[in-house]
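Counting from 1, the numbers follow the sequence of the chain as shown.
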Amino acid sequence: PHPTDARVVASGGYDGVVIFWDLDMGRIIRKFHCKFEEDVRLQPPDFDARSAEILDGKWGPDGTLFVVTHKNGYSSVISADNRREMFGMTLKEQFFEADFGELITDA
């Protein structure tokens, strides 16, 4: 549920669609379809890098932001206010430090 309005919930699925619902009225408030361009760096040929299948979602603390993660490793930020300028300054690709750490195995 939404952090400040219990009538609002979000749903998302393997079709890449995020829907915000008004539970009291039983209707859709807004629908978003997440899509990605093909990225040849993220393939063996059997991996669809454009896949927008949604795995998880989380509201921001004030309820104006909703973030979803996708099967292809990307995340999408859906904002109720205009944060385009703020997010426009972020790098297109970001990685966790652990992504490049040495893999240690115990034989």
Side-chain angles (χ1 to χ4, degrees):
H2 190 277
T4 61
D5 188 346
R7 298 171 299 164
V8 178
V9 296
S11 65
Y14 275 16
D15 58 357
V17 176
V18 176
I19 302 174
F20 297 125
W21 297 90
D22 179 329
L23 293 179
D24 283 352
M25 301 298 283
R27 66 177 180 84
I28 294 173
I29 298 170
R30 189 93 189 257
K31 184 188 282 192
F32 298 90
H33 189 236
C34 304
K35 296 186 242 180
F36 299 98
E37 296 178 13
E38 186 173 352
D39 188 341
V40 294
R41 297 169 300 162
L42 297 176
Q43 292 186 9
D46 61 338
F47 177 73
D48 185 1
R50 296 168 296 162
S51 174
E53 298 173 5
I54 295 169
L55 302 178
D56 199 4
K58 175 104 173 120
W59 291 101
D62 65 356
T64 62
L65 198 68
F66 191 75
V67 179
V68 294
T69 57
H70 302 278
K71 184 177 178 182
N72 63 6
Y74 287 88
S75 60
S76 295
V77 179
I78 300 168
S79 175
D81 54 7
N82 189 2
R83 298 185 189 208
R84 184 178 303 271
E85 187 175 305
M86 181 177 75
F87 287 119
M89 296 183 299
T90 59
L91 299 174
K92 181 175 180 177
E93 297 178 0
Q94 298 183 30
F95 303 92
F96 294 105
E97 182 180 346
D99 290 346
F100 300 102
E102 180 181 350
L103 180 62
I104 301 171
T105 59
D106 187 7

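- When all heavy atoms are compared, the tightest approach of Leu65 to Asp62 is N-OD1, 4.3 Å.
- The minimum heavy-atom distance between Ser75 and Val67, with the atom names listed, is CB-CG1, 4.3 Å.
- Scored by the salt bridge (charged side-chain N to carboxylate O under 4.0 Å, His left out) test, Arg30 finds no partners at all (sequence neighbours excluded).
- Under the 4.5 Å side-chain heavy-atom criterion for Ile, Leu, Val, Met, Phe, Trp and Tyr, Ile28 and Leu23 are members of the same hydrophobic cluster.
- Contacts of Lys58 classified as side chain to side chain contact (heavy atoms under 4.5 Å, CB included), with partners at least two apart in sequence or in another chain: none.
- Residues Gly60 and Pro3 come closest through the heavy atom pair O-CG, 3.4 Å.
- Minimum heavy-atom separation, Ile54 to Gly16: CD1-C, 3.8 Å.
- Scanning for ring pair (Phe, Tyr, Trp, His ring centres under 6.0 Å) contacts around Trp59 gives His2, Phe20, Phe66, with sequence neighbours left out.
- Under the 4.5 Å side-chain contact rule for hydrophobic residues, Val9 and Ile29 do not share a cluster.
- A search for salt bridge (charged side-chain N to carboxylate O under 4.0 Å, His left out) contacts involving Asp5 returns Arg7, not counting sequence neighbours.
- The structure places NE2 of His33 at 10.5 Å from CD1 of Ile19, a figure rounded to the nearest 0.5 Å.
- With sequence neighbours left out, the side chain to side chain donor-acceptor pair (under 3.5 Å) criterion links Ser11 to Trp21.
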